[in-house]
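Below: one structure, written as structure tokens.
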Amino acid sequence: MAKQATVVLNCVGPYRFYGEPVVKACIESGTSCIDISGEPQFLELMHWKYHEKAAEKGVYIIGSSGFDSIPADMGVIYTKNKMNGTLTAVESFLTINPGPEGLCIHDGTWKSAVYGFGDRSQLKKLRNESKTKPLPIVGAKLKRRWPVSYCRELNSYSIPFLGVDVSVVKRTQRYLHENLEQLPIQYAAYVTVGGITSAIKLMFAGLFFLLFVKFGIGRQLLVKFPWLFSFGNFSKQGPTQKQIDTASFTMTFFGQGYSQGFTPEKNKPNIRICTQVKGPEAGYVATPIAMVQAAMTLLNDASDLPKVGGVFTPGAAFSRTKLIDRLHKRGIEFSVISSSEV
């Protein structure tokens with residue numbers, strides 16, 4: 001398949017089991033590859049193992065090009081481009097709007113999470129072995145919120161977002177800093193959960209999940225009974241068509257930074273900006289839109305891609321392309337909500 005194609009779109013996960021042979025075949029065949037992985041260990045391992053080989057062959061291996069993590073990664077870049085000054089820190093808040101039919105996600109995503117969290121020590125080991133230096137912090141340090149915190153602007157409680165977005169955005173910021181000499185942006189990701197009762201319930205469910213993934217038998221139970229252990233949010237059948245049709249997502253970005261001529265070294269941020277990315281149902285509508293438009297961008301905006309191939313995040317590959325315009329035309333909308341000097 002790789003020999004016959006110009007770009008392979010790989011949708012088969014968990015990628016930790018099925019992803020690497022596709023990456024390898026694509027590099028050997030001189031074919032570019034795009035996936036929708038939300039698994040940091042797989043994504044970072046592919047970069048570590050294959051970046052130089054892909055560069056030699058002139059092919060682009062671009063991971064996490066679905067809902068994980070195009071809205072977050074391109075959203076930070078969009079926020080930076082729209083700010084009249086220097087953006088130094090961003091917090092994103094994901095809100096999933098399930099619609100009247102409720103929420104349901106296929107258990108493939110659940111399995112990826114179970115195996116990913118169960119093997120977190122390997123990710124830590126991989127990061128230690130790669131010996132990457134910490135990125136410099138520009139401006140005021142972004143403070144971490146409490147595990148359950150209230151977001152006044154969105155009138156909702158939030159918890160940290162445990163997906164791949166932070167890993168992907170950090171890798172993008174590293175690439176832009178080291179290769180294009182851009183100032184790195186600090187980033188934190190959260191998900192809104194509504195009222196305090198929902199927040200507490202989710203925290204307990206999360207602790208329960210993290211306890212179970214530590215043990216082999218716990219992982220087996222989680223994989224065998226996704227519906228039970230996720231309180232009905234994941235199932236082997238996945239969502240109904242009605243659930244897909246009525247769901248949507250909103251990702252809100254709160255950025256802070258410094259106006260032109262205002263030095264970040266000793267001063268507090270004096271500009272704020274709020275942007276949003278809105279789209280249809282995340283897993284089955286927004287993800288294929290994002291993935292296909294990433295492929296179209298790869299094929300049509302070749303002169304705006306990194307000059308040599310390699311293994312890239314979406315933001316590293318597409319920061320100078322027309323990807324955001326393409327997404328906007330197809331229902332994943334980027335907009336500025338407010339921008340102000342403080």
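One is the number of the first residue; the rest follow in order along the sequence. Heavy-atom basis, side chains included; hydrogens, waters and symmetry copies ignored. Everything numeric here is computed off the predicted structure, so don't read it as measured data.
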Before giving the answer on salt bridge (Lys or Arg N to Asp or Glu O under 4.0 Å), spell out for K53 and E28 the whole-Å C-alpha distance, their side-chain angles and the decisive distance to 0.1 Å.
-> CA-CA 9 Å; K53 288 175 187 172; E28 283 168 5; over 6 Å; no
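- Judged by the 6.0 Å distance and 45° axis criteria, R145 is positioned over the aromatic ring of Y190.
- Side chains of V7 and C33 form no contact here, defined as non-hydrogen atoms less than 4.5 Å apart.
- Annotation: the span from I273 atom CD1 to N84 atom CG amounts to 9.0 Å, rounded to 0.5 Å.
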Is there a side-chain hydrogen bond (donor to acceptor under 3.5 Å, both in side chains) between S92 and Y187 once you walk through the steps?
-> CA-CA 8 Å; S92 71; Y187 176 67; 2.7 Å; yes
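- A donor-acceptor contact closer than 3.5 angstrom is absent between the side chains of N10 and Y15.
- A side-chain donor-acceptor contact under 3.5 Å links T275 and T79.
- In summary, the side chains of T250 and Q276 do not present any donor paired with an acceptor at a separation below 3.5 Å, with no hydrogens or angles considered.
- Between the side chains of Y50 and E20, at least one donor-acceptor pair of N or O atoms lies under 3.5 Å.
- For the 3.5 Å distance criterion, the side chains of T192 and Y157 fail to qualify, holding no donor opposite an acceptor.
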Step by step, work out the side-chain hydrogen bond (donor to acceptor under 3.5 Å, both in side chains) result for S37 and S64.
-> CA-CA 5 Å; S37 172; S64 51; over 6 Å; no
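- For the pair R330 and R326, the minimum side-chain heavy-atom distance is below 4.5 Å.
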Given side-chain hydrogen bond (donor to acceptor under 3.5 Å, both in side chains), test T321 with T297 step by step and report yes or no.
-> CA-CA 7 Å; T321 67; T297 304; 5.0 Å; no
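- Rounding to the nearest 0.5 Å gives a distance of 9.0 Å between NE2 of H47 and CD of E52.
- We find the CD-OG distance between Q293 and S65 to be 12.0 Å, quoted to the nearest 0.5 Å.
- Checked options I70, D68, V76; the residue passing with D165 is D68 (criterion: side chain to side chain contact (heavy atoms under 4.5 Å, CB included)).
- Remark: E91 CD to C151 SG distance equals 8.0 Å, nearest 0.5 Å.
- Within the 4.5 Å cutoff, no side-chain heavy atoms of T31 are placed close to those of T6.
- Partner F249 forms a ring pair (Phe, Tyr, Trp, His ring centres under 6.0 Å) with one of Y284, F93, F67 and no other, that one being F67.
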